[in-house]
Amino acid sequence: MHTVTLTKGVPDFREGQVSFDEDGHLERGDTPTVMNPNDDHALRAALQTKIRQGGTTSVMSMGPPGYGDVLREAMASVYADDLYLLSDREMAAADTWATAMTLATGLERLEPDLVFAGFKTADGETGHTGPQTAWCLDWPILTHVVALDVEPEEGRVRAKRLVAGDVDEIETVEASLPAFVVTDPEFEPSYRKAAHRLEHKDRREETQQRAEDHEDHLKVWDHEDLNLDPDFIGLDGSPTIVSGVDPIPKAPAERDATMVDPGDEEEMGSVVDELQQFAGGD
């Protein structure tokens, strides 16, 4: 088995981490980059597959050269064997379609059995890139996956998925390999056998040093490596036209705070009284 997990670096939208210019535009250079939160579910699915089926696990991302922390975190999370970064100026400012075209070309070179992706990114939130990448590959796609069972000897993957994102309705589906899996935030990995849990421990220890030296396991491919025409990738290859952007409201510059001593019953009682008015309780 060879699996590839797609991941992306996104701005850290936690309060106090985001920096805006005078016009309310995001200043990416001054805003820390973190792994897209929904990619964590895809990494969990890939890790379950590696623990239960063995084989090779790769992580692929498209973005600027400074994705080191994101790739290191991904390698440690999924016990990845190698990392791939698709990166150069010709790929910059791509919309979901141009991104999918580029990712699909990189995946075709690796020829994996399974590709995992999160269901949307925290910055764009379109949920388009995964399905569009699967379409470019002409592979079957399973979306909103909450549980997964791979049968390599049968050449198929079976999954439970939420129907249209409805947590009250689940259906079981299967597809032939190679296939593309988009995980839902409800995905939960399963390690029923003791051997799986032991394998987990061994893999974690084995990966620690590799994650520290992740740059030694990183391959960077530019558009020439992938034989991609610049007219069909990046900004030039993006048909999306953005009509406008609503800036994220700035956090209040100052807040009134009252310091309390957790060991003082009277002061803690005042905190409870304060909270009860919001809870509507007595």
Side-chain angles (χ1 to χ4, degrees), residues 1-10 12 32-92 94 99-100 102-118 121 129-130 133 137 148 150 152 177-178 180-181 183 189 191 196 198-228 233:
M1 286 291 297
H2 180 199
T3 70
V4 178
T5 307
L6 302 178
T7 188
K8 180 185 180 185
V10 298
D12 186 349
T33 298
V34 297
M35 181 190 296
N36 175 45
N38 284 310
D39 294 345
D40 182 57
H41 311 295
L43 290 165
R44 292 185 185 189
L47 178 57
Q48 175 191 285
T49 304
K50 185 182 184 79
I51 294 295
R52 292 168 55 169
Q53 308 297 339
T56 304
T57 304
S58 306
V59 175
M60 177 179 287
S61 186
M62 186 181 113
Y67 265 27
D69 289 343
V70 172
L71 293 171
R72 182 177 62 229
E73 181 181 350
M75 172 168 265
S77 297
V78 76
Y79 310 156
D81 298 277
D82 43 31
L83 305 168
Y84 294 87
L85 179 62
L86 314 185
S87 178
D88 71 9
R89 288 187 174 276
E90 300 294 349
M91 300 176 188
T99 300
T102 307
L103 291 172
T105 305
L107 291 168
E108 284 176 337
R109 173 170 290 197
L110 295 181
E111 298 182 337
D113 300 293
L114 272 173
V115 174
F116 296 96
T121 58
T129 302
T133 304
L137 292 166
L148 189 75
V150 184
L177 301 176
F180 199 104
V181 174
T183 52
Y191 302 103
H196 293 161
L198 291 172
E199 179 76 6
H200 218 303
K201 176 177 176 294
D202 292 342
R203 293 281 186 177
R204 184 188 303 117
E205 293 175 352
E206 169 199 314
T207 309
Q208 287 179 345
Q209 187 59 49
R210 190 160 65 246
E212 290 298 319
D213 302 328
H214 67 281
E215 291 185 353
D216 295 340
H217 305 275
L218 171 64
K219 297 180 178 64
V220 182
W221 287 341
D222 62 21
H223 76 282
E224 292 182 343
D225 294 323
L226 297 174
N227 196 28
L228 285 166
I233 61 173

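The model shown is predicted, which means the values in this text are computed figures rather than measured ones.
What you find for Ser77 and Leu43 is that their closest heavy atoms are CB-CD1, 4.1 Å. Considering every non-hydrogen atom in both Lys50 and Gly55, the closest pair reads NZ-O, 3.5 Å. Across all their heavy atoms, Ala45 and Thr183 have their closest contact at CB-CG2, 3.7 Å. Met1 and Leu177 get closest at one heavy-atom pair: SD-CD1, 4.4 Å. Taking each heavy atom of Thr5 and Ala46 in turn, the nearest pair found is OG1-CB, 3.1 Å. Minimum heavy-atom separation, Ser61 to Leu71: CB-CD2, 4.1 Å.
The number of heavy-atom neighbours closer than 6.0 Å to CD of Glu215, taken from other residues, nucleotides and ligands shown, is 12 or below. Within a 6.0 Å radius of CZ in Arg89, other residues, nucleotides and ligands contribute 12 heavy atoms or fewer. Within 6.0 Å of CG on Asp216 lie more than 12 heavy atoms contributed by other residues, nucleotides or ligands.
In this structure a side-chain-to-backbone donor-acceptor pair under 3.5 Å is missing from Gln53 to Pro152. No donor-acceptor pair under 3.5 Å is formed between the side chain of Asp222 and the backbone N or O of Ser87. In this structure, the side chain of Asp39 does not engage the main chain of Ala42 through any donor-acceptor pair within 3.5 Å. Put simply, the side chain of Arg52 never gets that close to the backbone of Tyr191: no donor and acceptor are under 3.5 Å apart. For Asp88 (side chain) and His223 (main-chain N/O), a donor-acceptor pair under 3.5 Å exists by modelled atom type.
Val70 has its side chain out of reach of Val34: every pair of non-hydrogen atoms, C-beta onward, lies at least 4.5 Å apart. Between Leu86 and Leu103, the closest side-chain pair of non-hydrogen atoms falls below 4.5 Å. Contact check for His2 versus Glu111: no side-chain heavy atoms found under the 4.5 Å cut-off. Residues Gln209 and Asp213 form a side-chain contact, since some pair of their non-hydrogen atoms from C-beta on lies under 4.5 Å apart. The shortest side-chain heavy-atom distance between Phe116 and Arg44 does not fall under the 4.5 Å cut-off. The side-chain heavy atoms of Val59 and Val78, taken from C-beta on, include a pair separated by under 4.5 Å.
Atom CE of Met75 sits about 11.5 Å away from atom CZ of Arg72, to the nearest 0.5 Å. To the nearest 0.5 angstrom, Thr3 atom OG1 is 8.5 Å from Asp113 atom CG. Here Leu85 contributes atom CG and Met91 contributes atom CE; the two are 8.5 Å apart, rounded to the nearest 0.5 Å. Of the inter-residue distances, the one linking Leu137 atom CG with Thr105 atom OG1 reads 8.5 Å to the nearest 0.5 angstrom. Taking CD from Glu108 and CG from Leu226, the interatomic distance works out to 10.0 Å, rounded to the nearest 0.5 Å. To the nearest 0.5 angstrom, Ile51 atom CD1 is 5.0 Å from Glu199 atom CD.
Residues forming a side chain to side chain donor-acceptor pair (under 3.5 Å) with Asp202 (at least two apart in sequence, or on another chain): none. For Tyr84, the ring-ring contact (aromatic ring centres under 6.0 Å, His included) partners are Trp221, not counting sequence neighbours.
Tyr79 and His200 have their aromatic ring centers within a separation under 6.0 angstrom.
Side-chain contact check for Thr56 and Asp81: no donor-acceptor pair (N or O, by modelled atom type) lies under 3.5 Å.
Partner Met60 forms a side-chain contact (heavy atoms from CB on, under 4.5 Å) with one of Leu110, Leu83, Asp82, Thr7 and no other, that one being Leu110.
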- Item | Stepwise side-chain contact (heavy atoms from CB on, under 4.5 Å) check, Thr33 with Asp12 | CA-CA 6 Å; Thr33 298; Asp12 186 349; over 6 Å; no

- Output, in order, the C-alpha distance, side-chain angles, deciding distance and verdict of side-chain contact (heavy atoms from CB on, under 4.5 Å) for Leu148 and Thr49. CA-CA 8 Å; Leu148 189 75; Thr49 304; 3.9 Å; yes

